[in-house]
**Q** 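Take a look at the following structure, please.
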2 protein chains.
Amino acid sequence: MASVSPRRSAAEARRTRERIIERSVALASLEGLEGLTIGRLASDLGISKSGLLGHFGTKEALQIAALERAAVIFDREVWRPAADAAPGLARLRAVCTTWISYLERGVFPGGCLFVASTFEYDGRDGPVRDLLRRQFGAWRRRLVADVRVAAGRGELPPDTDPEQVVFELNGILMSLNHTIQLYGDTGAAARARRAVDRLLPPPPAGPAGPQRPGESGTPSKPA
Amino acid sequence: MASVSPRRSAAEARRTRERIIERSVALASLEGLEGLTIGRLASDLGISKSGLLGHFGTKEALQIAALERAAVIFDREVWRPAADAAPGLARLRAVCTTWISYLERGVFPGGCLFVASTFEYDGRDGPVRDLLRRQFGAWRRRLVADVRVAAGRGELPPDTDPEQVVFELNGILMSLNHTIQLYGDTGAAARARRAVDRLLPPPPAGPAGPQRPGESGTPSKPA
DNA sequence: CCTTATAGCGACCGATCGATCGGACTCTAT
DNA sequence: ATAGAGTCCGATCGATCGGTCGCTATAAGG
């Protein structure tokens, strides 16, 4: 009678919802979006199944909320730290650095949630897969745009095919993800960096600037 | 009473077992190794759950049988068609060709079962994951050996790091797998081929042999 | 021919799945 | 003060999960 603790202000509810989503993201990266079960999640958080599901309605809505949160985290961990670099090669290389680090540090305990989810949703379609498609598309477009800038500025060969570069970049990062997840070998990050260097050669670091003199871009040491 | 059909010779039982495994592989590539459910599988095949499980004992044993069968298929579709090429660059390139084709043709309806399973078994360990590790290890070792041969024969730069090359090859193929599965874009196979060409440059196709004169290897047109 | 091994069945197990319900409770707005 | 909205609960739903059991009918082996 006294043990029931039904505290529930609007702010508290928001916090509860946050906790649910946060835990969902971590759990989903380990067990998969489908392996996420309401019962387990609820008992993990010390709340009831109905109380949990009340925030989302259906499991699918929870999955989508988790994916959207994962995108926010990805943006925070990978894109934003590199966003200030000069568009073009500099930013591409900066993004690759943060991207590799994001896998190396294990931001998601079970590896990149997007990659895992894609393979999980191989066959079936539906809102979850649609969202995944959109998220990957947006990310790819960002990278392609910067490759195009880099090629236009002469930082990459003029015959560069932007989509091709992004295709290969994605492969490098997926291979890293795969190696880390299967063998726990974070040393593979060095391999990924080498592969990136081959694909996006660093500008010559001579005392004289590269080829675009007036550019403030090329970060020498952005703190 | 009359509808029960308990035919069961040793040969018939073997065939039943084969049918189960075959269907399991296809289903697992679509729904995941864990998404494989005994009930669904049984009703798909028109047999009872207990009759199915009697062949394997546990679901885990069935998953392992499916993975082992998938390895046989992979070997048949990817390795064997290329195995006769000369060890070294020629065979590496041949393997990449069959490998890409294997993804392009959708040998497994849900993409490469090994890759999907790896990400599915991110967190948890156990016999399934151990098997995955061994299978990937064997495949990687094969490729590394051929890269080493190629480097030793001067078909690749002498400072080539074999593990690095295989790491990047794996990435290319995983990126292809990913693109096909998420967008159904088999056109990405061309991108994968271009990436392979960059990583494993084809030998100069001049009228004179490459650099190793007495070698019968370098297949000009092996039919 | 008769015994033994076994393939496959139907019935059933406890556990858990996602989801629904009515109610207890506390905020917030009037 | 009171009404309404919203949060979270316990109980419960039907379905399905992996797995077990006893049984029957046959094939295989002596």
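Basis for what follows: all heavy atoms, side chains included, without hydrogens, waters or symmetry-related copies. Proteins get letters first, then strands, A, B, ... in listed order; numbering begins at 1 in each.
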**Q** A:His178 and ring-ring contact (aromatic ring centres under 6.0 Å, His included): which single residue from B:Phe136, B:Tyr121, B:Phe114 fits?
**A** B:Phe136

**Q** Looking only at heavy atoms, which two atoms of B:Ser117 and B:Leu33 are closest? And how far apart?
**A** OG-CD1, 3.5 Å

**Q** Tell me the bend of the helix from C:dC1-D:dG30 to C:dT30-D:dA1 as the angle between end helix axes, each from five pairs, rounded to the nearest 10 degrees.
**A** 10°

**Q** What verdict does the salt bridge (charged side-chain N to carboxylate O under 4.0 Å, His left out) test give for B:Arg15 and B:Glu22, after you've listed the backbone C-alpha separation in whole Å, the side-chain angles of each residue and the deciding distance to 0.1 Å?
**A** CA-CA 10 Å; B:Arg15 267 206 40 145; B:Glu22 219 162 298; over 6 Å; no

**Q** Kindly indicate, with the supporting measurements, whether the criterion salt bridge (charged side-chain N to carboxylate O under 4.0 Å, His left out) is fulfilled by B:Asp197 and B:Arg193.
**A** CA-CA 6 Å; B:Asp197 282 346; B:Arg193 289 197 191 87; over 6 Å; no

**Q** What parts of residues 49-63 of chain B reach DNA chain C, counting only heavy atoms under 4.0 Å away?
**A** B:Ser50, B:Gly51, B:His55

**Q** With B:Arg194, which residues qualify under salt bridge (Lys or Arg N to Asp or Glu O under 4.0 Å), at least two apart?
**A** A:Asp161

**Q** Using a heavy-atom distance cut-off of less than 4.0 Å, which residues of residues 118-130 of chain A contact DNA chain D?
**A** none

**Q** Starting at atom CZ of B:Arg14, determine the distance to atom C1' of C:dG8, rounded to an integer number of angstrom.
**A** 18 Å

**Q** Return a table of donor-acceptor pairs under 3.5 angstrom between the side chains of residues 46-57 of chain A and protein atoms on other chains or two or more places apart.
**A**
from	atom 1	to	atom 2	distance (Å)
A:Ser48	OG	A:Ser50	OG	3.4
A:Ser48	OG	A:Gly51	N	3.0

**Q** How close or far is atom P of D:dT7 from atom CD of A:Glu18, stated in whole angstroms?
**A** 14 Å

**Q** Will you find, in the side chains of B:Gln135 and B:Glu68, an N or O donor that is under 3.5 Å from an N or O acceptor?
**A** no

**Q** Please determine whether a side-chain nitrogen of the Lys or Arg among A:Arg191 and B:Glu168 lies less than 4.0 Å from a carboxylate oxygen of the Asp or Glu.
**A** no

**Q** Please report, rounded to the nearest Å, how far the P atom of D:dT7 is from the CD1 atom of A:Ile20.
**A** 11 Å

**Q** Indicate yes or no: does B:Asp130 engage B:Arg134 in a salt bridge with an N to O separation below 4.0 Å.
**A** no

**Q** Looking at residues 30-46 of chain B, who's got a heavy atom less than 4.0 Å off DNA chain D?
**A** B:Leu36, B:Thr37, B:Ile38, B:Gly39

**Q** Distance to the ring centre below 6.0 angstrom and angle to the axis at most 45 degrees; does that hold for B:Arg140 and A:Tyr183?
**A** yes

**Q** D:dG6 P sits how many Å from A:Arg17 CZ, rounded?
**A** 14 Å

**Q** Which heavy atom of B:Ile172 sits nearest to which heavy atom of A:Phe167, and what is that distance?
**A** O-CZ, 3.9 Å

**Q** Answer yes when A:Asp75 and A:Arg142 have at least one side-chain N-carboxylate O distance shorter than 4.0 Å, and no when they do not.
**A** yes

**Q** Minimum heavy-atom separation for A:Leu45 and A:Arg19, please, with both atom names.
**A** O-NH2, 3.4 Å

